[in-house]
Amino acid sequence: MSELETPQAGDDRSRDDDVVALLMRQHGDIRNLFDEVEATSGEERRDAFRRLVRLLAVHETAEEEVVHPFVRRSVAGGQEIVEDRLKEEREAKEMLATLDDMDPDGPDFLPKLIELRRDVQMHARAEERYEFIHIRRSTDVTDLAAMAKAIKAAEAMAPTRPHPGVESGAKNMALGPVAALMDRTKDTVRKAMGGS
């Protein structure tokens, strides 16, 4: 699977009429990509890691633009819930950016990847517990479907690399299109040059 075929919203041909189900599937895709990176080496690891970086970047951007704003305004204690998730996302983006600069076969890569995986899985569980469950309880099927469409649209325009410090819907809207264009250009050049 090439870098440009990274799973994104709707790629699995499942119905995208429930934002929570959609994001939960992506959490599963992220876990599977961590498994793939850990189990491979050389070009296979490099390719799997690029797909992981891309999926994490677009997934988190979409959550920052769609899920977090909803939770802030619709869930009791939403501001605190979102601030905790944004802190986790910023830390994960910083670690991901560090890993992105490392040799995937170098001796320090796998321990840092395992640390990132632990943090990302804790973050995903917190989203599922503190955000997704409230979305499901407080939203009707029409809004769940509308939010799923919004996630797909946000992912289509999202940056494909981590940008620590850009963890809000407003910052993503202001800086995201430029970062996305630069990231997607780098992706295309890297692919054209035979890199992954």
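Scanning both residues, Q26 and L55, for their nearest heavy atoms gives O-CD2, 4.4 Å. Considering every non-hydrogen atom in both D143 and D140, the closest pair reads N-OD1, 2.8 Å. Contact between V58 and P159 at its shortest, heavy atoms only, is CG1-O, 3.4 Å. Closest approach of I151 to V67, counting heavy atoms only: CD1-CG2, 4.2 Å.
Residues meeting the side chain to side chain contact (heavy atoms under 4.5 Å, CB included) test with E80, sequence neighbours left out: none. Applying the side chain to side chain contact (heavy atoms under 4.5 Å, CB included) test to R137 and every residue at least two apart in sequence or in another chain returns I133. For E83, the salt bridge (Lys or Arg N to Asp or Glu O under 4.0 Å) partners at least two apart in sequence or on another chain are R72. Considering only residues two or more places apart in sequence or on other chains, K149 meets the salt bridge (Lys or Arg N to Asp or Glu O under 4.0 Å) condition with none of them. For A48, the side chain to side chain contact (heavy atoms under 4.5 Å, CB included) partners are E36, V37, R51, not counting sequence neighbours. R136 pairs by the side-chain hydrogen bond (donor to acceptor under 3.5 Å, both in side chains) definition with D18, not counting sequence neighbours. In terms of the side chain to side chain contact (heavy atoms under 4.5 Å, CB included) criterion, residue partners of D108 (sequence neighbours excluded) are, by chain and number, M102. Residues meeting the salt bridge (Lys or Arg N to Asp or Glu O under 4.0 Å) test with D103, sequence neighbours left out: R46. For D105, the salt bridge (Lys or Arg N to Asp or Glu O under 4.0 Å) partners at least two apart in sequence or on another chain are R45.
The pair R85-E88 counts as a salt bridge, with a side-chain nitrogen and a carboxylate oxygen less than 4.0 angstrom apart.
Interatomic distance, NE2 of H59 versus CD of E64, reported as 10.0 Å (0.5 Å rounding). Once rounded to the nearest 0.5 Å, the distance linking CG of L56 with OG1 of T61 reads 10.5 Å. Note that CG of L22 and CE of M147 are 10.5 Å apart. Values are rounded to the nearest 0.5 Å.
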message: side-chain contact (heavy atoms from CB on, under 4.5 Å), that's the test. Do E89 and H68 meet it? Break it down for me.
response: CA-CA 12 Å; E89 289 168 13; H68 299 332; 2.8 Å; yes
- prompt: Passes side-chain contact (heavy atoms from CB on, under 4.5 Å), I30 versus L52? Steps please.
  reply: CA-CA 7 Å; I30 290 165; L52 175 64; 4.2 Å; yes
- request: Give the C-alpha distance, both sets of side-chain angles, the deciding distance and a yes or no for side-chain contact (heavy atoms from CB on, under 4.5 Å) between L96 and V53.
  value: CA-CA 7 Å; L96 198 57; V53 169; 3.9 Å; yes
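Applying the ring-ring contact (aromatic ring centres under 6.0 Å, His included) test to residues at least two apart or on different chains, the pairs with a partner in residues 76-122 are F49-F109. For the ring-ring contact (aromatic ring centres under 6.0 Å, His included) condition, the pairs that include at least one residue of residues 123-143, sequence neighbours left out, are H27-F132.
Counting heavy atoms from C-beta outward, R90 and K93 have side chains that stay 4.5 Å or more apart. Two residues are said to be in side-chain contact when any heavy atoms from C-beta on lie closer than 4.5 Å; L23 and E128 fail this criterion.
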Sequence neighbours excluded and cut-off under 3.5 Å, please list the side-chain donor-acceptor pairs for residues 110-119, or say none.
from : atom 1 : to  : atom 2 : distance (Å)
R117 : NH1    : D35 : OD1    : 2.8
R117 : NH1    : E38 : OE2    : 3.0
R117 : NH2    : D35 : OD1    : 2.6

